[in-house]
Amino acid sequence: MHIVCLIKVKYTLGKTYLMIKIKLSQPDNMKCFAGLLITRDLLKEYSIDITASDDYDYEFVDTSQFVDLRLPLEDSINYGLEKLSKKTGDYFLFHGGDSTSLMGVYEVFVQSDAKFLFKKQILSQEDYKDKTAFNKWFFGSGSDIDLGYDIPNDVYDRIKLTGWNVGHNWPHLQQMQPIIQNKDIDVCAIYQGVLDNGNSDHGVRNDVFYTEHRKGAWDTLNDLSDAYNIVAKQLPFNQTQDVMRRSKIGLSPFGMGELCYRDLEYIQHGMLLIKPDMSKVITEPDFFKPMETYVPVKPDWSDLNKIIKKVLANYKDYQYIIDNARDKLTDMYRYPNVCLHWYNFFANLNGVESE
């Protein structure tokens, strides 16, 4: 049984719990620890203290300590195991990647002494079995690193959600903007579509898969350009706000991961979000609900234009999705929810008990 320090704090629900002390391996790593760093003062009200002291109960280890994407995959795994072999005490791994991929992370996790692996989003056990490029299901297959994982129940039970995702990194996304009347842009698809800089993971290029999906949406929309006002290109930052404000539909593809801050920006500006189907993705907050907070399309864009035409012909019938998404965004992405997520995790962890 893990013994925690005997500091007691009153929690707002009336229970008394021992204060849990957490040490972050890299205290300024927003990619891995954004939800904790933004809420660190509030977390104390939930019996959790982020400390720089060596007097701690658990260490949260950031990705840089166990993954090196610059190395070949096997070398990266060995790097991670070597780094973690020097750890003492109980530690949890935090993968800051923006996708559900477990590439190079799973191998280290199961061979190390880490108690848990935390990610912003994951897949089901069954979905992880499929071998896909870089273990990213939305990339399809055919790369030099196609990976799948047959994860035992006891290991999958130790893969947990962080309780935050991309929307928590930018607090301003929770501030809804006024919806203007008589919008003159039908479809807004403004994002980086082409990545051809040789970007790679473990020495294997991933930019080709990224570009194929994101530019593929633009190419598909081109067939509608004569009938509708469509803005489908990458724009300078100082132009994006005006285009989003004037647009009815916001199309947000996958990138290197399934979630993107632009998903929420579109909603913030009063657009109807159309996005590849998110039903495979398990995340917290569980925001993406088809026909409740967004309209799903197939990731290969084969039904995109049909759905856009249907929406634009009956746009007022979809206003409830826009309104619901805005309400859900402001409610589900509140920072106390992150604190409660962690409070509940520790409250149910063996060895951490109330008095």
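The figures here come from the full heavy-atom set of this structure, side chains too, leaving out hydrogens, waters and symmetry mates.
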With the threshold set at 4.0 Å, does a side-chain nitrogen-carboxylate oxygen contact exist between K31 and D98? yes

How are the rings of F134 and F209 set to each other: parallel, tilted or perpendicular (split at 30° and 60°)? perpendicular

Side chains of D277 and S279 only: does a donor on one sit below 3.5 Å from an acceptor on the other? yes

Step through the shown structure and confirm whether more than 12 heavy atoms of other residues, nucleotides or ligands are within 6.0 Å of CD on Q177. yes

Going by atom types alone, do H269 and Q241 pair a side-chain donor with an acceptor below 3.5 Å? yes

Salt bridge (charged side-chain N to carboxylate O under 4.0 Å, His left out) filter on K87, not counting sequence neighbours, yields E59

Polar contact flag, side-chain donor to acceptor under 3.5 angstrom, D300-S302: yes

Checking N135 against Y128 for the side chain to side chain donor-acceptor pair (under 3.5 Å) test, could you report, in this order, the C-alpha distance in whole Å, the side-chain angles of both residues, the deciding distance, and whether it holds? CA-CA 8 Å; N135 193 226; Y128 272 123; 5.4 Å; no

Would a line drawn from the ring center of F118 to the ring center of W164 be shorter than 6.0 Å? no

Starting at CG of D263, measure out to CG of L251 and round the result to the nearest 0.5 Å. 10.0 Å

Which of I267, I321, I249, T293 passes side-chain contact (heavy atoms from CB on, under 4.5 Å) with L273? Answer is I267

Can you check salt bridge (Lys or Arg N to Asp or Glu O under 4.0 Å) on K328 and D331, steps first, answer last? CA-CA 5 Å; K328 292 288 187 183; D331 178 53; 5.9 Å; no

Partner of F345 under ring pair (Phe, Tyr, Trp, His ring centres under 6.0 Å), picked from Y58, F116, Y46, is F116

Could you go through the side chain to side chain donor-acceptor pair (under 3.5 Å) check for S64 and D62 one step at a time? CA-CA 6 Å; S64 70; D62 72 277; 2.4 Å; yes

